[in-house]
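Right, one structure below, let's go through it.
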Amino acid sequence: MARLVAVTGATGFVGGHVARAFTDAGWRVRILARRIPLSPQLADLTPDLVPGSLEDEDALRALVRGADAIVHAAGSVKALDAASFHRDNADGTARMVAAAHAAAPEARFLLISSLSAREPALSPYAASKRAGERALETGGASLDWTILRPPVVYGPGDREMLPFFRMAANGMLAAPDNGAARLSLIHAADLARACVAIVERREWRHATIEIDDGHPRGYGWPDIADALAAAVGRPVRLRRLPRWLFDAVATVSAGWAEMTKLPAMVTPGKVRELFHPDWISRVPEFPQNLGWLPQFTVNKGFSVTAAAYRGLGLLR
């Protein structure tokens with residue numbers, strides 16, 4: 001009988017890639033779904049479905065019952081306030097830990113966190129991701145868990161990087177004027193395959209590990225502009241914008257969010273994250289130990305992502 005993995009967040013971007021990777025590896029996949037039908041990203045998969053949300057403790061226990069592994073990928077990247085981030089990213093993880101204790105205490109538990117958790121003082125989002133990690137560290141002492149911190153994740157199905165591709169298609173990339181700051185990247189399919197490797201090898205027990213696409217020093221904005229230019233097939237001019245301009249946009253966005261009750265992506269916390277100088281993943285011997293290596297360079301990954309956007313009519 002195929003091994004069973006329970007996945008949260010599978011109707012979203014990263015979780016959808018995780019569900020696909022485990023299916024491709026021969027696992028039976030069970031997912032938590034708030035709504036049916038599922039997203040187009042899962043259209044050709046046939047996972048077992050458990051209706052419910054992270055607030056539904058009965059659904060969480062049904063999700064993990066009998067599972068050999070649990071991958072918690074659900075969470076929020078934007079919210080109205082710090083309390084909402086904490087509810088989604090920290091309290092949700094705590095409920096998953098409780099469900100694992102109750103219904104699958106022997107299961108391998110993998111939490112997909114974020115590299116931002118390394119700097120929790122920067123933003124409510126980063127603080128909530130670190131709080132989610134602590135919920136697992138303190139509440140899951142008897143569980144077999146690993147925390148994985150990816151950097152910027154991109155690929156088909158992602159909407160957060162779409163504005164950068166659209167700017168590039170118009171010949172320009174606006175980026176923070178943050179000097180020599182660098183960041184790591186990873187394609188979602190590579191991240192998902194790494195999740196399978198971590199679960200199957202059962203290494204890194206009670207450990208927090210970081211990951212990237214194999215480019216050891218990450219990327220500066222000129223590198224990203226060049227990769228986008230290759231992906232969209234035209235020259236891209238990099239324009240560096242000052243901190244005060246980002247702060248002004250964040251202030252306006254915050255006011256609009258307060259008025260409309262719709263969360264904004266550009267917030268004061270996000271600006272602090274954008275201007276942080278070091279988002280380079282600190283990768284130990286992780287890939288070699290697991291027999292995993294990334295398949296997507298940034299040029300290949302951006303080209304595949306641009307083609308996916310074009311296929312959906314999102315990019316000219």
- Message: So does A250 get a backbone contact from the side chain of T267, meaning a donor-acceptor N/O pair under 3.5 Å?
- Response: no
- Do NZ/NE/NH1/NH2 and the carboxylate oxygens of R108 and D68 come within less than 4.0 Å? no
- Query: Are L110 and I70 linked, directly or through other ILVMFWY residues, by side chains that come within less than 4.5 angstrom of each other?
  - Reply: no
- Item | Separation between OG1 of T11 and CG of L32, rounded to the nearest 0.5 Å | 8.0 Å
- Using the rule that two of Ile, Leu, Val, Met, Phe, Trp, Tyr join whenever any of their side-chain heavy atoms come within less than 4.5 Å, decide whether V71 and L45 are in one cluster. yes
- Could you walk me through whether D48 and I31 pass side-chain contact (heavy atoms from CB on, under 4.5 Å), step by step? CA-CA 6 Å; D48 299 339; I31 70 171; over 6 Å; no
- Heavy-atom closest pair, residues V64 and A6: CA-CB, 4.1 Å
- Message: Looking at every non-hydrogen atom in both residues, tell me the closest pair between V14 and I112 and how far apart they are.
- Response: CG1-CD1, 4.2 Å
- How many angstroms lie between atom NE2 of H215 and atom OG1 of T297, to the nearest 0.5 angstrom? 9.5 Å
- Say whether, by atom type as modelled, one donor and one acceptor occur between the side chain of R166 and the main chain of M161 under 3.5 angstrom. no
- Query: At their closest point, which heavy atom of V29 faces which heavy atom of A19, and how far apart are they?
  - Reply: CG2-O, 3.8 Å
- Would you call R20-D24 a salt bridge at under 4.0 Å N-O? no
- Query: Got a sec, which pairs hit side chain to side chain donor-acceptor pair (under 3.5 Å) with one end in residues 153-163, sequence neighbours left out?
  - Reply: none
- Item | R240 side chain reached by N178 side chain, heavy atoms, under 4.5 Å | yes
- Message: If we count only N and O atoms by modelled type, under 3.5 Å, do the side chains of S76 and D88 hold a donor and an acceptor together?
- Response: yes
- Query: To the nearest 0.5 Å, how far apart are CD1 in I211 and CG in L148?
  - Reply: 5.0 Å
- Item | Side-chain donor-acceptor contact under 3.5 Å, D56 with S53 | no
- Task: Apply the test side-chain contact (heavy atoms from CB on, under 4.5 Å) to residues R3 and E200: give CA-CA distance (whole Å), side-chain angles for both, the deciding distance (0.1 Å), then the verdict.
- Result: CA-CA 10 Å; R3 293 165 295 178; E200 290 187 338; 3.1 Å; yes
- Message: Just verifying a value: how many Å separate L183 CG and L185 CG, rounded to the nearest 0.5 Å?
- Response: 5.0 Å
- Pairs touching residues 238-278 that satisfy ring pair (Phe, Tyr, Trp, His ring centres under 6.0 Å), sequence neighbours left out: F246-F275, H276-W279
- Can any side-chain N or O of H17 pair as donor or acceptor with the backbone N or O of P156 at less than 3.5 Å? yes
- Task: Measure centre to centre between the rings of F296 and F302, then say whether the value is under 6.0 Å.
- Result: no
- With salt bridge (charged side-chain N to carboxylate O under 4.0 Å, His left out) as the test, would you mind laying out the steps for D247 and R243 before giving the verdict? CA-CA 6 Å; D247 286 335; R243 174 70 178 263; 3.3 Å; yes
- What is the minimum heavy-atom distance between A67 and A107, and which atoms define it? O-CB, 3.4 Å
- Of all pairs that satisfy salt bridge (charged side-chain N to carboxylate O under 4.0 Å, His left out), the ones with a partner from residues 249-278, not counting sequence neighbours: R118-D278, E258-K261, K270-E273, D278-R282
- Message: Please enumerate all residues that pass salt bridge (Lys or Arg N to Asp or Glu O under 4.0 Å) together with R316, with sequence neighbours excluded.
- Response: none
- Message: Please find the pair of heavy atoms, one from S116 and one from A126, that lie closest to each other, and give the distance.
- Response: O-CB, 3.3 Å
- Query: Quick one: does T8's side chain have a donor or acceptor within less than 3.5 Å of a partner on A73's backbone?
  - Reply: yes
- Would you mind checking if E119 and R130 are paired as a salt bridge, meaning a charged N to carboxylate O distance below 4.0 Å? no
- Task: Quick one: which residue pairs count as a side chain to side chain donor-acceptor pair (under 3.5 Å) with a foot in residues 179-196, not counting sequence neighbours?
- Result: R182-D223, D190-R193
- Task: Could you tell me the separation between the CG atom of L143 and the CG atom of L136, rounded to the nearest 0.5 Å?
- Result: 7.0 Å
- Where is the tightest heavy-atom contact between E133 and A117, given as atom of each residue plus distance? OE2-CB, 3.4 Å
- Return yes if some donor-acceptor pair links the side-chain N/O of W204 with the main-chain N/O of I198 below 3.5 Å, else return no. no
- Query: Between V266 and L241, is there a shared hydrophobic cluster once you connect ILVMFWY residues whose side-chain heavy atoms come closer than 4.5 Å?
  - Reply: yes
- To the nearest 0.5 Å, how far apart are CD1 in I186 and CG in L115? 11.0 Å
- Which residue pairs pass the ring pair (Phe, Tyr, Trp, His ring centres under 6.0 Å) test when at least one of the two sits in residues 85-114, sequence neighbours left out? F85-Y125
- Message: Has R95 got a side-chain atom pairing as donor or acceptor with L54's backbone, closer than 3.5 angstrom?
- Response: yes
- Side-chain contact test, heavy atoms from C-beta onward, threshold under 4.5 Å: evaluate it for V5 versus R30 and give yes or no. no
- Query: In terms of side-chain heavy atoms, does Y219 have a donor or acceptor partner in D213 at a distance below 3.5 Å?
  - Reply: yes
